[in-house]
Number of protein chains: 2
Amino acid sequence: MNSQNTQSSQRVQDSQRAQTGAAARRATYTPDSLLEVAVTVFNERGYDGTSMEDLARAAGITKSSIYHHVKGKEELLTRGVNRALDALNASLDTLEALPDGELDRVEQAVFRAVQILVDELPYVTLLLRVRGNTEAERAAQASRRAIDQRLAGFVERAAAAGALRTDLDPRLASRLVFGMVNSVVEWYRPGPGRWSADDVASAVTHVVFDGLRRR
Amino acid sequence: MNSQNTQSSQRVQDSQRAQTGAAARRATYTPDSLLEVAVTVFNERGYDGTSMEDLARAAGITKSSIYHHVKGKEELLTRGVNRALDALNASLDTLEALPDGELDRVEQAVFRAVQILVDELPYVTLLLRVRGNTEAERAAQASRRAIDQRLAGFVERAAAAGALRTDLDPRLASRLVFGMVNSVVEWYRPGPGRWSADDVASAVTHVVFDGLRRR
DNA sequence: TGGAACCGACCGACCGTTCGGTCTACTCTA
DNA sequence: TAGAGTAGACCGAACGGTCGGTCGGTTCCA
């Protein structure tokens with residue numbers, strides 16, 4: 001009944017080559033490299049469905065050793081979602097600083113959102129799946145809602161500028177568009193011979209703005 | 001820290017009026033009315049984040065009383081997801097029996113999917129969020145994948161019939177389209193003065209097939 | 001030799017579940 | 001029609017087990 005995936009750590013190899021061009025140091029965790037393992041497991045089993053024992057097993061160290069690197073389970077969650085939030089907010093700042101061109105801004109927003117989603121896949125996945133059971137989770141949800149609203153603002157400005165079809169409520173359109181964008185985390189997996197971030201981003205952009213129908 | 005939402009049961013009133021046209025019997029749960037409460041809580045806190053104590057509190061009975069109606073937590077999950085699976089599969093059967101018209105079939109599939117999603121919102125939400133931590137959850141995921149593949153089949157047939165634009169991989173297009181459809185569970189809430197199921201279904205259909213751009 | 005990295009043993013709290021029992025509405029019978 | 005019997009709905013207490021987290025070490029390298 002237990003899927004025993006023993007260790008898949010990827011610890012930091014020779015974190016510093018030091019002064020001497022000497023041999024590699026023993027593999028060791030940093031908070032960030034541990035986070036990488038943790039977020040992967042969170043996304044497999046869900047945050048609430050993941051025990052510290054699960055994390056320890058996946059990291060190849062004991063439960064107590066995890067507490068040497070981070071304060072606890074919640075810190076891993078916060079660090080994880082913050083990484084996604086930082087990337088998304090940085091992108092929005094850039095977009096907001098762009099000159100007029102309201103339709104172009106929305107197109108850029110969609111394209112960039114997909115790229116970030118693919119580049120930071122595990123972290124964005126974690127963010128999108130967060131429930132509101134603890135204060136940290138509710139804070140993440142609030143930050144995420146703020147991002148959704150900035151994006152919805154772009155769509156409304158494009159609609160007000162007359163760049164979008166007029167038979168759709170911009171707020172509804174925005175929900176649907178970024179719903180499609182976010183749904184990418186449910187199936188996208190990177191790898192050679194698979195779709196690239198740009199493949200997906202341009203497919204999303206094409207469907208969203210011009211539709212599936214042949215014309 | 002605890003959001004104390006005390007009881008919101010909706011128990012079965014006068015489950016039988018008996019021979020006499022007598023007064024209403026005392027409110028009581030059935031497995032189905034209890035399921036309704038449970039699925040709501042599952043969707044708020046996540047399945048793994050919900051304790052039997054949480055369910056008991058929301059139902060206004062004790063933990064042990066829940067076991068009078070159902071075998072356990074997992075049965076509530078199975079019953080919940082099955083309700084969604086049954087509705088979706090029934091719709092697909094109907095669609096498959098339709099005469100040719102491959103593009104029309106896909107349009108119908110999208111429209112009907114949104115309708116079911118809205119009609120059975122809590123149950124479909126539960127299905128879409130299931131992780132694979134137990135055998136029951138993995139079974140639900142497998143059934144869901146089967147549905148996704150039937151839908152993808154419709155899209156591929158429409159593409160093969162030349163009804164869709166040719167610069168998009170039909171498998172990718174299918175993921176995106178039903179990703180948008182499924183994303184509706186993340187924000188849709190029924191209520192007077194809000195969007196109806198048909199509002200959302202036709203908005204999704206319009207965006208998916210004709211895009212957001214003014215033309 | 002100091003400190004980072006790690007470990008095994010353990011803690012109190014809470015988990016899903018079980019058990020014995022109570023209360024109440026209804027049915028059956030004398 | 002009184003009263004015994006039955007069955008369903010529910011409860012309080014407790015079960016074995018797992019949870020997130022702590023503590024007092026040991027190891028090992030700069």
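Because the structure is a prediction, the values reported are computed rather than measured. Throughout, a chain's letter reflects where its sequence line sits, starting with A, and its residues are numbered from 1.
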If you measure from the Lys or Arg side-chain nitrogens to the Asp or Glu carboxylate oxygens, is any gap between A:D148 and A:R145 under 4.0 Å?
no
Starting from P on C:dA5, measure out to CG on A:D32 and report it in whole angstrom.
13 Å
Listed partners of B:N89 passing side-chain hydrogen bond (donor to acceptor under 3.5 Å, both in side chains), at least two apart
B:R150
Of the residues in residues 65-75 of chain A, which ones touch DNA chain D at a heavy-atom distance under 4.0 Å?
A:Y67, A:G72, A:K73
Roughly how many Å is it from CE in B:M52 to C1' in D:dA14, rounded to a whole number?
16 Å
So what does B:S64 touch, heavy atoms closer than 4.0 Å: a base, only the sugar-phosphate, or nothing?
base
If you measure only the distance, is there a donor-acceptor pair under 3.5 Å linking the side chains of A:E36 and A:S33?
no
Residues forming a side-chain hydrogen bond (donor to acceptor under 3.5 Å, both in side chains) with B:R131, sequence neighbours excluded
none
Between atom CG in B:L55 and atom C1' in C:dT17, what is the gap in whole Å?
13 Å
Could you pull out all donor-acceptor pairs under 3.5 Å where a side-chain atom in residues 184-198 of chain A meets a protein atom, sequence neighbours excluded?
| residue | atom | partner | partner atom | Å |
| --- | --- | --- | --- | --- |
| A:E186 | OE1 | A:R129 | NH2 | 3.3 |
| A:Y188 | OH | A:W195 | O | 2.6 |
| A:S196 | OG | A:D198 | N | 3.4 |
| A:S196 | OG | A:D199 | N | 3.1 |
| A:S196 | OG | A:D199 | OD1 | 3.4 |
| A:S196 | OG | A:D199 | OD2 | 3.3 |
| A:D198 | OD1 | A:Q115 | NE2 | 2.9 |

Report yes or no: does B:R83 contribute a side-chain atom to a donor-acceptor pair with the main-chain N or O of B:Y123 at less than 3.5 Å?
no
Figure out the CD/C1' separation between B:E53 and D:dA13, and round it to whole Å.
13 Å
Solution key, residues 170-182 of chain B side-chain donor-acceptor pairs under 3.5 Å, sequence neighbours excluded:
| residue | atom | partner | partner atom | Å |
| --- | --- | --- | --- | --- |
| B:R171 | NH2 | B:D169 | OD2 | 3.1 |
| B:N182 | ND2 | B:F178 | O | 3.1 |

Could you tell me the separation between the CD1 atom of B:I61 and the P atom of D:dA9, rounded to a whole number of Å?
11 Å
Distance in angstrom units between A:N133 CG and C:dC14 P, rounded:
15 Å
Whole-Å distance separating the CG atom of B:L34 from the C1' atom of D:dA9:
12 Å
Pick base, sugar-phosphate or nothing for B:S51, based on heavy-atom distances below 4.0 Å to the nucleic acid.
sugar-phosphate
Does a side chain donor of either A:S65 or A:T62 reach within less than 3.5 Å of an acceptor in the other side chain?
yes
Sort me out a list of protein N/O and nucleotides 15-17 of chain D N/O pairs below 3.5 Å, or just none if empty.
none

Can you see which heavy atom on B:V81 is nearest to which on B:A140, and at what distance?
CG2-CB, 3.9 Å
If I take atom CG in residue A:D48 and atom C1' in nucleotide D:dG20, what distance separates them, rounded to the nearest angstrom?
12 Å
